[in-house]
Amino acid sequence: MHASLLDDAAGSDPVLTTRQAAQLLGIAVSTAQLWIENGVLPAWKTPGGHRRIRLSDVSALLRERGSLHAEPAAHARDFLPAATTVLPAQEQARLAALRASGLVDAAPKAVFDRLTWLAAQVTACPLAALTLVTAQRQLFKSRVGIALLETAREDAFCNGTILRDEPMVVPDARLDARFAASPLVTGAPYVRFYAGVPLRDAHGYRLGALCVMDHEPRRLREREMRALGELAAIAMDEIRRR
């Protein structure tokens, strides 16, 4: 179906069901439904209440994201601590735990998409992500409102989050010397606010973070921070099941 529908796109713009769109995108139907609800995938309702999607919108999303199947693949340098690493023994153990988890090369998980969508909803933030931090890269294993699949580790807010046990909050990145020059702040997605909770495996190693971001400076209410922490706990439960 994937090839035939895409071939037909040149002469027409077929209407797809949510299931057909999910098959083309290589994601679960539940994930497609979340993307529709969040506005990532344009859709409309029929009089009978069924969601319908244009093939052209699916094709545009595939082009924009360079194929949703193409998660950043792991390579050797992802797990080799840099010479400048602080506490290299601890970082080496953390990277070994990350490698053993299999998460870097794992296929997208619908549960992570649900958690990032919920994180964005409960905090009213336009951007959310579940990340893994390798020796050199920050990988977005799930994301809302972010087109990037990865960034350099030195540019990543989550690189700071994995250095602590408690959440990291940056009210205004432009006023924070650690992040003011980051390409994520000076360019798309133009992050000004960040809040992230570290994600620990069963042995306590911090592999990445669940985070929310905004284009404007702000703070989260206590209940919003608690909700973000509870969602991070669910993500950690899923990580520890692997």
So do Pro167 and Leu228 actually touch side chain to side chain, heavy atoms under 4.5 Å? no

Nearest-0.5 Å distance that lies between atom CD in Glu150 and atom CZ in Arg143: 10.5 Å

Run the side-chain hydrogen bond (donor to acceptor under 3.5 Å, both in side chains) test against Asp57 and tell me which residues pass, sequence neighbours left out. none

For Leu199 and Leu130, what are the C-alpha separation, side-chain angles and deciding distance, and is it a side-chain contact (heavy atoms from CB on, under 4.5 Å)? CA-CA 9 Å; Leu199 300 177; Leu130 189 147; 3.8 Å; yes

d(Arg137 CZ, Asn159 CG) to nearest 0.5 Å is 14.0 Å

List the steps, then state whether salt bridge (charged side-chain N to carboxylate O under 4.0 Å, His left out) holds for Asp201 with Arg206. CA-CA 7 Å; Asp201 71 1; Arg206 296 181 288 273; over 6 Å; no

Value rounded to 0.5 Å, distance of OG1 in Thr123 from CE in Met213: 10.0 Å

Taking all non-hydrogen atoms of both residues, which atom of Val122 and which atom of Ala227 are closest, and how far apart? CG2-CB, 3.9 Å

Quick one: are His50 and Thr17 in side-chain contact, heavy atoms under 4.5 Å? no

Closest non-hydrogen atom pair, Ala21 against Ile53: CB-CD1, 4.1 Å

Carefully, step by step, assess Arg192 and Arg174 under the rule side-chain contact (heavy atoms from CB on, under 4.5 Å). CA-CA 6 Å; Arg192 292 290 296 276; Arg174 287 188 185 175; 3.4 Å; yes

Quick check: does any side chain N or O of His203 sit under 3.5 Å from a backbone N or O of Ala97, one acting as donor and the other as acceptor? no

Salt bridge present between Arg153 and Glu91 (N-O < 4.0 angstrom): yes

Can you measure from CD (Glu224) to CZ (Arg219) and round to the nearest 0.5 angstrom? 13.0 Å

Residues Asp176, Arg178; criterion salt bridge (charged side-chain N to carboxylate O under 4.0 Å, His left out); working and verdict: CA-CA 5 Å; Asp176 192 312; Arg178 297 171 296 174; 2.7 Å; yes

So does Phe112 have more than 12 non-hydrogen atoms from other groups sitting under 6.0 Å from CZ? yes

Which atoms form the tightest heavy-atom contact between Gly160 and Met168, and what is the distance? C-SD, 3.7 Å

Set out, in order, the CA-CA distance, both residues' side-chain angles and the distance that settles side-chain contact (heavy atoms from CB on, under 4.5 Å) for Leu41 and Val58, then state yes or no. CA-CA 7 Å; Leu41 181 60; Val58 174; 4.2 Å; yes

Considering non-hydrogen atoms only, spot the tightest contact between Asp172 and Pro217 and give its length. OD2-CG, 3.4 Å

Crowded around Glu166 CD? As in, over 12 foreign heavy atoms under 6.0 Å? yes

Are the side chains of Gln136 and Glu154 in touch, meaning some heavy atoms are under 4.5 Å apart? no

Same cluster (ILVMFWY, side-chain, under 4.5 Å), Leu127 and Val185: yes

Verify the cluster assignment for Val133 and Leu139: are they in a single hydrophobic cluster under the rule of side-chain heavy atoms below 4.5 Å apart? no

Please say yes or no: joined through hydrophobic side-chain contacts below 4.5 Å, possibly via intermediate residues, are Ile239 and Val111 part of one cluster? yes

I want to check a possible cation-pi pair here: Arg218 against Phe193, using under 6.0 Å from ring centre and within 45° of the ring axis as the test. yes

Can you give me the closest heavy-atom contact between Met225 and Leu220, atom names plus distance? SD-CD1, 3.4 Å

Tell me whether Leu207 shares a hydrophobic cluster with Val197, the cluster being built from Ile, Leu, Val, Met, Phe, Trp, Tyr side chains joined at under 4.5 Å. yes

Would you say CZ of Arg226 has more than 12 non-hydrogen atoms from neighbouring residues, nucleotides or ligands within 6.0 angstrom? no

Show your reasoning for whether side-chain hydrogen bond (donor to acceptor under 3.5 Å, both in side chains) applies to Ser142 and Asp113. CA-CA 6 Å; Ser142 178; Asp113 288 339; 2.6 Å; yes

If the condition is side-chain contact (heavy atoms from CB on, under 4.5 Å), which residues does Ala209 pass it with, not counting sequence neighbours? Thr131, Cys158, Thr161, Tyr194

Applying the side chain to side chain contact (heavy atoms under 4.5 Å, CB included) criterion to Phe140, which one of Leu149, Thr116, Leu132, Thr151 satisfies it? Thr151

If you group Ile, Leu, Val, Met, Phe, Trp and Tyr by side-chain heavy-atom gaps below 4.5 Å, do Val191 and Val170 land in one group? yes

Closest approach of Cys211 to Gly196 (non-hydrogen atoms, all atoms of both residues): CB-CA, 3.8 Å

If you measure from CD on Gln138 to CD1 on Ile162, what distance do you get to the nearest 0.5 Å? 9.5 Å

To the nearest 0.5 Å, what is the distance between CD (Glu238) and CD1 (Ile234)? 10.0 Å

After noting the C-alpha distance and the side-chain angles of Val104 and Lys141, does the key distance pass the side-chain contact (heavy atoms from CB on, under 4.5 Å) rule? CA-CA 8 Å; Val104 172; Lys141 298 303 290 185; 5.8 Å; no

Does any N or O in the side chain of Ser101 come within less than 3.5 Å of the main-chain N or O of Leu98, such that one atom is a donor and the other an acceptor? yes

Is Lys45 reaching over with its side chain to a backbone N or O of Arg52, donor-acceptor style, under 3.5 angstrom? no

